[in-house]
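Start at 1 with the first residue, then count along the sequence. Order of appearance sets the numbers: ligands from 1, and atoms from 1 within every ligand. All values derive from a computational prediction rather than experimental measurement.
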Amino acid sequence: MVLAELGGSISRALQQMSSATVIDEKVLNECLNEITRALLQSDVQFKLVRDMQTNIKKIVNLDDLAAGHNKRKIIQQAIFNELCKMLDPGKPSFVPKKGKTSVVMFVGLQGSGKTTTCTKYAYYHQKKGWKPALVCADTFRAGAFDQLKQNATKAKIPFYGSYMESDPVKIAVEGVERFKKENCDLIIVDTSGRHKQEAALFEEMRQVSEATKPDLVIFVMDSSIGQAAFDQALAFKQSVSVGAVIVTKMDGHAKGGGALSAVAATKSPVIFFGTGEHMDEFEVFDVKPFVSRLLGMGDWSGFMDKIQEVVPMDQQPELLQKLSEGHFTLRIMYEQFQNLLKMGPIGQVFSMLPGFSAELMPKGREKESQAKIKRYMTMMDSMTNEELDSTNPKLMTESRIMRIARGSGRQVIEVMEMLEEYKRLAKIWSKMKGLKIPKRGGMSALSQNMNAQHMSKVLPPQMLKQIGGLGGLQNLMKQMGSNKDMMGMFGGGDK
Ligand SMILES: Nc1nc2c(ncn2[C@@H]2O[C@H](COP(=O)(O)OP(=O)(O)OP(=O)(O)O)[C@@H](O)[C@H]2O)c(=O)[nH]1
């Protein structure tokens with residue numbers, strides 16, 4: 001069962017239970033069985049699911065359920081807490097410090113996405129001002145060095161490897177030494193994989209680890225390996241001292257359950273997850289937002305974080321001011337498109353919003369939307385400053401439209417379509433007029449000042465429908481406001 005479906009199945013099971021007139025043990029058991037089935041289909045290990053069922057039964061008090069309390073919420077909260085508990089190994093992983101040399105070794109089976117993930121990890125830190133370096137100690141797979149070299153060159157990250165040397169330990173040691181001398185603060189060692197767990201692989205891991213003495217060993221796991229996750233993770237943990245997990249390929253038909261099993265097997269936290277083949281399709285793993293997404297509840301804080309990431313802090317007050325004035329120009333639209341493109345795949349961003357499932361923005365359509373945005377921006381590049389900064393649509397005369405089309409090599413009809421899109425957005429923005437702007441806290445503070453009315457006006461209609469209209473949105477926001485844990489989930493509480 002893919003992630004987006006799990007939330008739906010759990011919601012249905014809860015709905016059925018809350019519509020029963022009397023909630024007795026039998027009804028509760030049926031509901032929990034239904035949820036158990038959904039979790040198993042999402043690849044959560046059988047033993048974990050069984051323990052969770054037992055725990056929930058202990059927590060949920062039947063008398064509370066009968067006394068007119070919100071049964072759904074009580075059980076949903078219990079499931080939420082249990083899943084969070086499963087993903088929390090109780091101790092944090094080693095965290096490298098900027099400016100101080102750390103060696104991080106990556107291990108995992110062939111094809112798990114290890115090499116790709118090494119570069120993503122390096123790139124993520126490089127963007128934050130670190131000085132990372134990559135060492136290719138994978139001498140088993142022909143082409144592994146070329147792949148790492150290509151990725152590293154693209155991201156302008158120094159790398160080390162050899163076409164001639166066949167001893168992975170020797171390469172690893174040489175690479176680490178060289179980058180220590182060059183004062184790199186994050187030395188990443190990519191190791192060999194094998195198609196399956198075999199003694200030779202584990203022996204090689206042990207030797208590389210012994211020789212390079214990594215501060216952290218990261219186990220990379222493909223999220224689509226299903227119920228095999230627990231045993232695979234355990235096998236690696238028994239050979240090298242795995243201290244953290246990265247789960248890859250969480251996009252598309254990913255099942256999230258494997259992550260829970262990997263944590264249980266390695267007693268180490270998941271620290272990042274991969275959501276695509278590109279360098280920036282990589283996210284910090286945060287337990288509460290992840291579980292919230294697993295249960296189809298959205299990840300408001302992740303969405304706001306993305307916005308924080310792409311709208312520079314110094315531009316935020318200005319943008320918020322314009323937002324509150326309902327003053328929307330083509331230039332603002334251009335800047336917002338730029339920000340949107342920086343955010344990465346649009347579907348990935350929208351899937352973080354509560355109630356918005358990935359199904360609404362299928363993979364193929366994302367590319368289409370991005371291409372459209374880029375097309376619009378090319379047309380706007382042919383506009384004058386006056387046109388970009390005006391809110392007066394009358395400036396856009398027929399001859400100007402034809403000129404813009406010619407200048408950007410597009411059809412007149414496409415320019416008109418872009419202007420229609422501008423009008424549609426301007427209308428949405430005009431409804432934001434009068435929104436109270438918080439003095440501090442930028443975008444995330446603003447999100448807490450929005451009321452359901454404001455939100456309903458800016459959300460795409462399709463999405464609003466999915467949440468259950470204005471009523472559904474009000475409920476959702478009430479939940480966000482009335483429950484401390486839920487607040488944490490959506491970024492409003494003391495997470
Ligand atoms: N969709 C998707 N594909 C990914 C992700 N991470 C890696 N891949 C793809 O998975 C394939 C295997 O990735 P590699 O990085 O070559 O795998 P590896 O584990 O290093 O393989 P070995 O070097 O042989 O051990 C490549 O086609 C990657 O582009 C991800 O998060 N999502």
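Proximity of Ala144 to ligand 1, defined as any heavy-atom pair under 4.0 Å, is not found for any part of the residue. Looking at Glu281 against ligand 1, nothing comes within 4.0 Å, counting heavy atoms. Contacts between Val220 and ligand 1, counted as non-hydrogen atom pairs separated by less than 4.0 Å, are absent for every part of the residue. At a 4.0 Å heavy-atom cut-off, ligand 1 does not touch His278 at all. Residue Thr275 touches ligand 1 through its backbone alone, judged by heavy-atom distances below 4.0 Å.
With respect to atom 15 (O) of ligand 1, the closest heavy atom belonging to the protein is Thr116 OG1, 2.6 Å. Summary of contacts: the protein heavy atom closest to atom 1 (N) of ligand 1 is Asp251 OD2, 2.7 Å. Among all non-hydrogen protein atoms, the one lying nearest atom 30 (C) of ligand 1 is Gly276 O, 3.1 Å. Considering only non-hydrogen protein atoms, atom 11 (C) of ligand 1 sits nearest to Lys249 NZ, 4.1 Å. Among protein heavy atoms, atom 3 (N) of ligand 1 sits closest to Glu277 CG, 3.5 Å.
In terms of modelled atom types and a separation under 3.5 Å, the side chain of Thr153 and the main chain of Lys149 share a donor-acceptor contact. Although no hydrogens or angles enter the test, the distance criterion places no donor-acceptor pair under 3.5 Å between the side chain of Ser408 and the main chain of Met379. Side chain of Gln207 to backbone of Glu204: no donor-acceptor contact under 3.5 angstrom is found.
For atom 20 (O) of ligand 1, the choice among Val247, Thr115, Val107 with the nearest heavy atom turns out to be Thr115. Selection from Gly111, Gly113, Gly108 by nearest heavy atom to atom 7 (C) of ligand 1 gives Gly113.
When each of Val49, Leu48, Thr54, Ile56 is checked for a side chain to side chain contact (heavy atoms under 4.5 Å, CB included) with Met52, only Ile56 meets the rule.
Using 4.0 Å as the threshold, Leu109 has a heavy atom nearer than that to some atom of ligand 1.
By the 3.5 Å distance cut-off applied to N or O atoms, Lys114 is counted among the residues near ligand 1. Note: no N/O pair closer than 3.5 Å links Ser192 and ligand 1 by distance alone.
Annotation: Phe236 is in aromatic contact with Phe219 [ring centroid separation under 6.0 Å].
With sequence neighbours excluded, the residues satisfying ring-ring contact (aromatic ring centres under 6.0 Å, His included) with Phe106 are Tyr121.
Glu177 and Lys181 are not joined by a salt bridge, as no carboxylate oxygen comes within less than 4.0 angstrom of a charged side-chain nitrogen. Using a 4.0 Å cut-off between charged nitrogen and carboxylate oxygen, Lys120 and Glu281 do not count as a salt-bridge pair. Here Lys249 pairs with Asp222 in a salt bridge; the nearest charged N to carboxylate O distance falls below 4.0 Å.
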